[in-house]
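Below you'll find the structure, written out as structure tokens, and then a few comments.
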Amino acid sequence: MASDKRVKVTLECQTCKRRNYITMKNKQNDRERIELKKYCRWDRVHTVHKETR
């Protein structure tokens with residue numbers, strides 16, 4: 001059974017504004033919204049992806 005501390009978050013590309021990734025994060029360790037540099041298949045480059053609600 002999954003812990004309540006780990007939640008699913010959606011990552012949105014900051015260039016094209018599409019929601020490309022779904023990942024998990026620990027709410028206790030990462031209280032702020034996460035930012036990751038990931039590949040955007042629509043732009044075909046690595047861009048910054050930010051957590052959305």
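On a predicted model such as this, the values are computed, not experimentally measured, just so you know. Values below: every heavy atom of this structure, side chains too, minus hydrogens, waters and symmetry copies.
Once rounded to the nearest 0.5 Å, the distance linking CG of Leu11 with OG1 of Thr47 reads 10.5 Å. Separation of atoms SG (Cys13) and CG (Asn20) is listed at 6.0 Å; rounding is to 0.5 Å.
With hydrogens and angles disregarded, a donor-acceptor distance shorter than 3.5 Å links the side chain of Thr52 to the backbone of Thr10.
Of all heavy-atom pairs spanning Asp30 and Ile34, the tightest one is CB-CG2, 4.2 Å. Taking every heavy atom of both residues into account, Arg19 and Arg53 meet most closely at NH1-O, 4.0 Å.
By the side chain to side chain contact (heavy atoms under 4.5 Å, CB included) test, Glu32 is found to be paired with no residue, residues two or more places apart in sequence or in another chain being considered. Checked against side chain to side chain contact (heavy atoms under 4.5 Å, CB included), Gln14 has the following partners two or more places apart in sequence or in another chain: Glu12, Lys17, Val48, Lys50. Applying the salt bridge (charged side-chain N to carboxylate O under 4.0 Å, His left out) test to Lys25 and every residue at least two apart in sequence or in another chain returns Glu51.
Here Ile22 sits alone; no ILVMFWY side chain lies under 4.5 Å from its own, so it joins no hydrophobic cluster. Val45 belongs to no hydrophobic cluster with other residues, because no ILVMFWY side-chain heavy atom falls under 4.5 Å from its own, directly or through intermediates.
Sorted by first and then second residue, the ring pair (Phe, Tyr, Trp, His ring centres under 6.0 Å) pairs involving residues 18-41 (not counting sequence neighbours) are Tyr21-His49, Tyr39-His46.
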